[in-house]
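When reading the values below, keep in mind they use all heavy atoms of this one structure, side chains included, and skip hydrogens, waters and symmetry mates. The shown structure was predicted, so the numbers you read here are calculated from the model rather than taken from an experiment. Letters go in sequence order (proteins before strands), and every chain restarts at 1.
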Amino acid sequence: MVNQELAKIFNEMAQFLEMDGVAFKPYAYQRAALSLETLNEDVGNIYRQGGIKALLEIPGVGKAIADHIEEYLKTGKIKHYEDYKKKLPLKIDELIKVEGMGPKKIKTLYQKLGIKNLKDLEKAAKAHKIAPLFGFGETTEKNILQGLEFLKRDKGRFLLGYIMPTVTDIFEKLKNLKEVDQISLAGSLRRKKETIGDADILVASKHPAKVMDFFVKLDGIEKIWGKGGTKASVRMREGFDVDLRVLPEKSYGSALQYFTGSKEHNIITRKIAIEKGLKLSEYGVFKGKKQIAGKTEEDVYKAIGLPFIEPELRENEGEIEAALRQAQGKLPGLPKLVGYNEIKGDLHCHSKPDEVKHSKNLENFIEELALSAIEIGYEYIGISDHTKFLKIDDGLNEEQLLKQHEAIKKINEKLKNENSKIRILHGCEANILNDGSIDIKDEVLEKLDYVIAGVHSSFKMSKQEMTQRLAVAMQNPNVDIISHPTGRLIGRREEYQMDFDKILEIAKKTGTILEINANPLRLDLNGFNIRRAKAQGIKMIINTDSHQKDQLTFMEYGVAQARRGWAEKGDITNTLSAEELLKSLKQK
DNA sequence: GCCGTTTTCGGCCCGACTGTTTTCAGTCG
């Protein structure tokens with residue numbers, strides 16, 4: 001996709017300009033990059049149909065950047081960018097991922113120590129070459145080493161939300177192939193783990209060769225690692241691998257069970273089979289040499305005396321015991337997991353996404369969001385913008401919030417007159433300040449349909465201070481929901497220090513809802529913490545935290561995480577209708 | 001470098017935090 005390639009280049013251009021201390025231009029390039037990333041139309045098409053003039057219509061694209069785009073479309077290169085790369089031959093995209101490293105430090109380290117990539121950086125930090133540099137020091141060097149360790153832990157793994165769109169596309173194409181009888185995702189992708197090593201797809205077919213040929217010729221494949229009679233492995237342009245296996249129908253279920261894992265789950269299921277005098281493998285369930293199951297996963301589990309276990313639970317974290325109890329009619333059995341189609345609305349949507357931040361059409365955007373929500377099938381959608389403490393995100397002050405409240409009222413009336421079923425709720429995502437107070441006055445918070453509060457600053461407080469900070473916030477009767485409660489960013493930032501048991505206790509006592517933030521980078525609460533919260537009887541809500549319209553689809557990842565945390569419909573507040581939801585919010 | 005108007009150039013994303021250079025640059029959200 002040319003849009004993505006150009007976005008990557010413009011983002012790097014922004015970094016280069018930043019290194020040179022150029023003011024404002026980096027922002028312009030970043031904005032153009034973001035604009036291209038979120039554009040629904042291929043920029044090549046736009047140019048072919050309308051030339052430079054059409055390019056100038058793209059928000060954030062002016063004369064200079066339009067010329068760059070034209071140059072790239074014609075020659076595959078941008079001279080300005082190539083010159084920079086020659087001058088500073090750096091792996092910016094990997095170096096910038098180290099926490100605390102920015103363009104300036106990257107440039108200094110290149111000039112003083114010739115550091116070009118992560119490997120160079122690690123070598124220099126370990127040899128204590130960084131600390132003595134002007135502007136650096138012991139702590140910085142230590143932080144770099146820590147940042148590198150953190151990156152390594154997740155090396156070679158990709159965010160679920162990064163992989164899923166591409167794989168879904170491949171999946172749909174294969175599914176439509178007439179030679180494909182059955183198809184499923186497998187591996188950690190099917191279990192919906194938050195990060196994925198590589199993507200596995202399983203197909204049942206009588207014509208494996210034809211399926212294989214079709215697969216390796218799909219768009220977006222960068223390299224073919226191998227292609228056999230029933231297995232092929234490819235590297236996608238996005239950097240991750242996809243493995244396809246084609247199987248005969250009679251062992252499709254057992255293969256699916258085997259390749260879905262987890263390894264730990266499979267070890268136990270095989271042991272159970274052995275206890276029953278059976279053998280379970282990817283080829284089926286066997287009694288002696290006779291196959292007694294394998295066509296479907298349900299059959300496989302049934303053959304070893306277990307009910308079907310949802311893929312999201314297969315981690316050997318108690319699901320086998322629960323399944324065994326259920327099989328014996330004892331309690332508690334397996335949870336009846338919240339369904340992907342049971343969500344009735346999304347309460348965490350920002351109406352000021354970057355691409356419209358500077359335009360005046362915010363009200364139109366709220367209406368657009370509502371229309372998207374209707375398409376998804378929601379009953380309600382909640383607008384919850386940042387508040388004034390977050391200056392960078394144009395946080396709203398009291399006056400602006402009240403104004404927004406009136407605007408939303410009007411949009412609701414208009415939608416109602418048009419016989420639309422959607423209802424827009426109005427909230428905000430206020431900031432929990434260091435002392436636990438909220439950055440918006442209570443008399444304004446009271447007027448909103450709901451209030452989300454979250455920590456967006458001072459992440460490095462002590463455990464005791466952070467626990468206290470959240471506790472004070474939850475005790476505010478106007479605070480309904482705590483957003484991204486632990487603050488972690490997958491592969492980038494640890495959770496903040498806090499006493500989570502204490503937080504759960506106070507959430508329970510105050511009736512505060514904890515958010516399951518569905519953003520693929522957050523997934524916060526995570527499965528483990530969701531399970532802890534559920535055990536305490538705490539209500540949760542799955543929100544996307546959308547900053548763009550497209551991000552409403554993140555809901556899928558949030559539900560997946562909830563399911564990994566054994567959550568049932570009754571645990572998740574936004575499975576309620578709008579009326580029920582508002583009633584339950586009032587109870588606090 | 002882009003945008004929007006003040007139509008020809010000034011404003012753009014800013015406050016907190018961190019570590020270090022002791023008066024502030026770089027990074028983060």
Task: Which residue lies more 5' along DNA chain B, comparing A:Ala66 with A:Ser457 via nearest heavy atoms - done: A:Ala66

TODO: Kindly say whether A:Asp545 contributes a backbone atom to a donor-acceptor pair with the side chain of A:His547 at under 3.5 angstrom?
DONE: yes

Task: Cationic N near anionic O, under 4.0 Å, A:Asp83 to A:Lys87 - done: no

- [ ] Would you indicate what A:Gly135 reaches in the nucleic acid, counting non-hydrogen atoms under 4.0 angstrom: base, sugar-phosphate, or nothing?
- [x] base

TODO: Describe the nucleic acid contact of A:Asn434 in one word from base, sugar-phosphate, nothing, applying a heavy-atom distance below 4.0 Å.
DONE: sugar-phosphate

Open item on the list: Suppose you measure atom P in B:dG11 against the same atom in B:dT6; what distance do you get, rounded to whole Å?
Closed with: 13 Å

Task: Residue closer to the 5' end of DNA chain B, A:Thr139 versus A:Tyr29 (nearest nucleotide) - done: A:Tyr29

TODO: Determine the contact category for A:Val61: base if any of its heavy atoms lies under 4.0 Å from a base atom, sugar-phosphate if only primed atoms, P, OP1 or OP2 are that close, otherwise nothing.
DONE: sugar-phosphate

- [ ] Would you mind telling me which of B:dG29, B:dA16, B:dC2 lies closest to the side-chain atoms of A:Phe459?
- [x] B:dG29

Open item on the list: Under 4.0 Å, heavy atoms only, any strand: does A:Lys105 hit a base, just the sugar-phosphate, or nothing?
Closed with: sugar-phosphate

- [ ] Compare the minimum distances between each of B:dC2, B:dT18, B:dC12 and the side chain of A:Ile65, then state the nucleotide with the smallest one.
- [x] B:dC2

TODO: Consider the side chain of A:Ser458, meaning its heavy atoms from C-beta on, and name the nucleotide among B:dA16, B:dG29, B:dG1 that approaches it most closely.
DONE: B:dA16

Task: B:dC13 to B:dC28 separation - C1' atoms, rounded to the nearest Å - done: 12 Å

Open item on the list: So A:Pro103, base contact, sugar-phosphate only, or nothing? Heavy-atom distance under 4.0 Å.
Closed with: sugar-phosphate

Open item on the list: By the definition ring pair (Phe, Tyr, Trp, His ring centres under 6.0 Å), identify the one residue from A:Tyr29, A:Tyr84, A:Phe10, A:Tyr110 that meets it with A:Phe16.
Closed with: A:Tyr84

Open item on the list: Can you check the distance between B:dT5 and B:dC9, where both ends of the measurement are the C1' atom (answer in whole Å)?
Closed with: 10 Å

Task: OP1 or OP2 of B:dC2 under 4.0 Å from side-chain N/O of A:Tyr27 - done: no

- [ ] Using both distances under 3.5 Å as the test, list the Watson-Crick or G-U wobble partner of B:dG10, or none.
- [x] B:dC3

Task: Rounded distance (Å) that lies between atom P of B:dA25 and atom CE of A:Met19 - done: 19 Å

Open item on the list: At 4.0 Å (heavy atoms only), tell me whether A:Thr140 reaches a base, stays on the sugar-phosphate, or touches nothing.
Closed with: sugar-phosphate

